Structures are given as C-alpha cells and as structure tokens.
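We name chains A, B, ... by the order of the sequence lines, and we start the count at 1 in each one. The figures here come from the full heavy-atom set of this structure, side chains too, leaving out hydrogens, waters and symmetry mates. Model, not experiment: these values are computed from the prediction.
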Amino acid sequence: MNRMGGFPMKEVFQKLYQNYHQDIFQFIFYMVKDRDLAEDLVQEVYVKVLRSYNSFKGESSEKTWLFSVAKHVTFDYFRRQKRKRKRINETIDFHEKGQFIPDNAKLPEEIALENDEIRKMYYCLSQCSYDQQAVLILRFIQSLSIKETANVLNWSISKVKTTQHRAMKTLKQQMIDLEEGMRDEA
Amino acid sequence: MKHKSITDEKLKALLNNMPEIHDKRSIEEIYEKVSYKVKDADRPLKRRKWMIPAYSAAAIFLFAVLFYTAKLIIPMGNESADQDHGFSSANDNSAESSIMSDEEESQEYGMENITPDSKEFSHYQLFGLEIGMPYLEFLNIMGEPSQMKENGNMKALAFENSDTGIELTLDETGEEIIEFTFYPSMLSNHKILSNLPKNKEETINFFGSMENKTSISCEENNVCEQYMYLMPNKERIIVTFTSEGEVNTILLTLN
C-alpha cells in the first residue's frame, strides 16, 4: 500500500489535482507549447512530487513547490532535447531562444480562436529565452508575485526583476519587428 | 509611430488575457498513469536504499587505502612547499588574486600576463579588470562566455548558461574596454564574479563606505538606492540596488 505521511497516495493526488492541476498544466503548456507533451510532463511532475511528498517540509508553500518541480521537469526536457540536437549535429543555440517555429497548423485551438494580438503575443513569447518565458508566464499569466516567482525558480529577487525587465524588452522588440514585417509585406 | 503604443502595461495586460489552457483528461485517467509510474519507480528504489550504506562503506575503505598508499609514494615535503608558494604569491597580488589562486591551474597561467610585475597599472582593478584593458585580456581572466551579443560598441556577455551578466562598452577601435556593468544576480555561478556583493551589507564590506548615497526612481514608482564610490584615478563605481536592497547593477566607469 502506498501511504505518504499517513495519507494514501490517491488522497494526496486528489488534493494536489484539485488545488493545482490546471495551473501547473497551463504553466507547462505555455513553456513547451504542445498539448501532448504538456500532458506527459505534468504526469512526470506528479510522479516526482508523490515520490518525495514525505520529505516536503513546508518551507515553501505547496503551490510554489509544485511549480518549482514543474519548472525542473520542463527544463530537464529542454536539456534532453538540446543533447539530442547536439548528437544529430544541428547547431541551434538552445540557451538563448525557444525553438518554436510559428506554424498556424500547429497553433493550439485555444490560441487559434483568439484575436490577432493574442496570437502575436503567443509568437513573441516563444522568441524569449526559456528563463524569460518562465518569468513572464509565472508573473503575468499565472499572476504569481515576484517573491513567489523567486521561490519557484530558486532565484534571488533581483534576478527575477532583471530577467523580467529584459523579457519585457524582448517582447516589445518582437512586437515591433512583427508589425514592421507586416507593413513591409503589405 | 505605432511602436510608442506598446507599453509595459499593455504587454502585461495581453499576457494576462492569454486564454486558459485546460488539461482535458479526466482525473482517473491521469491518476492511473501516475500511480503506475510511482509504484514502478518505488521498487528498485527500495532495493537500492539499503545498499547505500554498503556502497559508502566500500568507498570510504577504498579511499583510505588509496590515501595511505599515495602518502607513502609521494613525500609530504613537496606538497607543503607548493602550498607555501601559493600563499605568498596570493599575498603579493592582493585580495583579487587570492580568489584566483583557488581556481584551476589553467586560470593561473592566464593570470601571469597581468600580474603587477609585468604591467604598470593606471586604473582601479576589480578582480583584475580595469578600464582601458583590452577585450582579449578580459577574456583571459574571466574565461569564455557561454554567450555573447554585440550591438555597436557594446558587448553583452552571459556566463555559465545564465542570462547576460556583464555588459561592456568598448572604445572606437573596439579593442579596449571603457566601461563595465555587472549584474551580480546573473553571475552567481561564475568562478570569480560570484564574489561580487549581492546586498547592501556585502557592498559596504566589499567597497567600504560610500562617497555618496542617492535614491533614484525605479521599477514602477519604487525608490532604489545608489551607492557611489570615487576611486583614486577618477574611476567611479556606482552600485544600484533593487527596492528590496539587493544589488541590481555594479557600474565601473570613468564618466
């Protein structure tokens, strides 16, 4: 029987699912921009969390703990991808930018149904570095405070602020480039 | 132009309006997959758990044997002589290089070119960095960045897979550095620059008491403090803090 801290595993799972599932899923989805992948990764988060639930000391809130596991799982995935790409000898700069290439056919329906500005933002977000994306998603899509974001990412507050500032600059530049690109085409 | 309409507030509002994305699977479906994996992962883990003391005992024993045989083969005299040498040179070269001497040997070779004996210093040094130094010498000391972006006479360098940690302004020839901006929060994994101060207390311990303390407005109506230090040859160091009192930037400049 799997029991954690006196609770059966199923009970712990249900509690976590009810409180945080959609938030965690959404965070992962916006990081990886792929529903199937987000489904796999969110499962990995539960496996990690349930296996170490007994050692959770409540130093951070349960919510930031779950988000931080989700961040690790997601960045681990990016790292594995990077290694794979290295093996097949593609020289893509992993660190700086997301690998997402805008393709309307792959646009998730939630985004495809939205207006032009949201679709643009979805694209611009993908052009930020992974660190910047994580900060933007946690701060403004998930509405976490700077302090909570720092806990999730295990960063100092000033690192969160600096990264957020740079992310906003990147977004702005991408928006401008996009608009100019469209004007040139017209 | 249209660009001016893109404000931070607008971008934040847009992000805030991004559609909610839901996992469409049922709780049962997810639980089934998760619990299978948890139970599966549990089994080999349990077997491994009691093995850990056995492994560590074996490792300690092996280490002890190796240590004692090594001691017999290599006379102790050599080792202490080496250490003495290391300490005395560290003292000569002031605090900066004592941090360096802890680093790998390859780094020490790089240092040789820039020890005080071989060059006249005209400027204040921060971990061996000074205004007017060639960019290549900078790389010698700091190591290769994991990433570099260039924009005119500005270079933005990232180390250890973090985001940009140092911005450099170069002179017209593009060879000599005339201004440094450090972001200590992005340099926490750098072998040398992780020693830069990260809060007010560390700043005062590091640079001493400031010449001048000012407050500037920053980050959406907050007030951030700035400490200014005047160095002997008119270099200035300006440390800017966040509203929480963590170091945001350290600027080393002549202006």
Side-chain angles (χ1 to χ4, degrees), chain A residues 2 9-10 13-14 17-18 21-22 24-26 29-30 35 38-39 42-44 46-47 50-51 93-96 108 110-111 113-114 117-118 120-122 124-125 129 131-132 136-137 139-141 143 146-147 155-163 165-166 168 171-172 175-176 179-180 183, chain B residues 1-8 10-25 27 29-31 33-42 45 146-147 149 156 158 161-165 183-188 198-199 218-219 222 240-249:
Chain A
N2 269 281
M9 185 165 83
K10 191 160 191 177
F13 173 82
Q14 278 168 341
Y17 178 92
Q18 268 149 26
H21 184 77
Q22 298 304 342
I24 299 294
F25 181 78
Q26 175 163 295
F29 175 86
Y30 275 115
R35 178 175 286 279
E39 287 178 358
V42 81
Q43 276 162 218
E44 243 179 85
Y46 282 116
V47 172
L50 290 173
R51 282 174 63 193
D93 191 349
F94 157 79
H95 165 67
E96 192 39 30
E110 286 91 340
I111 304 290
L113 290 173
E114 290 286 336
E117 271 189 322
I118 295 283
K120 264 192 222 157
M121 176 53 92
Y122 187 72
C124 292
L125 187 63
S129 75
D131 277 355
Q132 291 176 354
L136 290 174
I137 296 167
R139 291 279 291 123
F140 305 119
I141 300 184
S143 304
I146 287 190
K147 186 95 206 297
W155 289 357
S156 65
I157 285 178
S158 63
K159 185 167 180 179
V160 174
K161 285 188 173 178
T162 307
T163 308
H165 181 75
R166 289 174 182 171
M168 295 303 273
L171 276 187
K172 214 174 285 180
M175 283 283 193
I176 290 169
E179 271 170 29
E180 278 178 356
R183 240 205 327 274
Chain B
M1 293 258 284
K2 219 181 168 186
H3 311 156
K4 294 206 175 103
S5 64
I6 306 176
T7 60
D8 278 14
K10 171 119 194 254
L11 293 174
K12 286 176 194 173
L14 259 176
L15 283 166
N16 201 249
N17 285 331
M18 295 295 277
E20 283 186 15
I21 311 282
H22 293 288
D23 191 344
K24 290 167 184 159
R25 298 170 297 168
I27 179 168
E29 190 187 336
I30 300 168
Y31 180 71
K33 284 181 175 147
V34 169
S35 66
Y36 176 75
K37 270 196 186 168
V38 173
K39 283 169 191 161
D40 199 43
D42 259 0
L45 194 76
S146 51
Q147 211 205 340
K149 277 182 269 182
N161 284 321
S162 199
D163 207 346
T164 298
Y183 295 86
S185 62
M186 300 294 174
L187 293 163
S188 51
K198 295 187 180 61
N199 55 41
C218 62
E219 319 157 8
N222 274 319
T240 309
F241 298 92
T242 65
S243 50
E244 283 87 2
E246 289 185 20
V247 174
N248 184 21
T249 58

Nearest atoms (heavy-atom pairs only) where B/R25 meets A/Y17: O-OH, 4.0 Å
Full working for side chain to side chain contact (heavy atoms under 4.5 Å, CB included) between A/E117 and B/N17: CA-CA 10 Å; A/E117 271 189 322; B/N17 285 331; over 6 Å; no
Distance-only donor-acceptor check, side chains A/K159 and B/S162, under 3.5 Å: yes
Rounded to the nearest 0.5 Å, how far apart are OG of A/S156 and CE of B/M186? 7.5 Å
Rounded to the nearest 0.5 Å, the NZ atom of A/K161 sits from the SG atom of B/C218 at a distance of 6.5 Å
Result for side chain to side chain contact (heavy atoms under 4.5 Å, CB included) between B/Y31 and one of A/M9, A/Q43, A/Q14 points to A/M9
Would A/K147 and B/E244 pass as an ion pair if we require N to O under 4.0 Å? no
Quick one: do A/E39 and B/E29 satisfy side chain to side chain contact (heavy atoms under 4.5 Å, CB included)? Show the steps, please. CA-CA 11 Å; A/E39 287 178 358; B/E29 190 187 336; over 6 Å; no
Exercise: identify the closest heavy-atom pair between A/K172 and B/L11: N-CD1, 4.1 Å
Side chain, backbone, both or neither: which part of A/Y46 has a heavy atom under 4.5 Å from chain B? both
Would you compute the distance between atom CD1 of B/I6 and atom CE of A/M175 and round it to the nearest 0.5 angstrom? 6.5 Å
With chain A as the partner, which of B/T242, B/I30, B/V34, B/N248 has the greatest number of non-hydrogen pairs under 4.5 Å? B/V34
Minimum heavy-atom distance between A/Q22 and B/D23, given as atom pair plus value: OE1-N, 2.9 Å
Output, in order, the C-alpha distance, side-chain angles, deciding distance and verdict of side chain to side chain contact (heavy atoms under 4.5 Å, CB included) for A/K10 and B/S35. CA-CA 8 Å; A/K10 191 160 191 177; B/S35 66; over 6 Å; no
State, yes or no, whether a side-chain contact exists between A/E110 and B/H22 at a heavy-atom distance under 4.5 Å. no
Could you please spell out the steps behind the side chain to side chain contact (heavy atoms under 4.5 Å, CB included) verdict for A/L171 and B/L15? CA-CA 11 Å; A/L171 276 187; B/L15 283 166; 4.1 Å; yes
Inter-residue atom distance B/I27.CD1 - A/H21.NE2, 0.5 Å rounding: 8.5 Å
Check whether the side chains of A/S158 and B/K198 place a donor and an acceptor atom closer than 3.5 Å, and report yes or no. no
To check you understand the geometry: which heavy-atom pair defines the closest contact between B/D8 and A/M168, and what is its length? O-CE, 3.4 Å
Pick one of side chain, backbone, both or neither for A/R166, based on which atoms fall under 4.5 Å of a heavy atom in chain B. side chain
Indicate yes or no: at least one non-hydrogen side-chain atom of B/M18 is less than 4.5 angstrom from one of A/Y122. yes
Working to the nearest 0.5 Å, report the span between CD1 of A/I141 and CD1 of B/I21. 8.5 Å
What part of A/V160 gets closer than 4.5 Å to chain B, counting heavy atoms only: side chain, backbone, both or neither? neither
Closest non-hydrogen atoms of B/E20 and A/Q26, given as atom of the first, atom of the second and distance, are CA-OE1, 3.1 Å
Need one label for B/S243: side chain, backbone, both or neither, based on atoms under 4.5 Å from any heavy atom in chain A. both
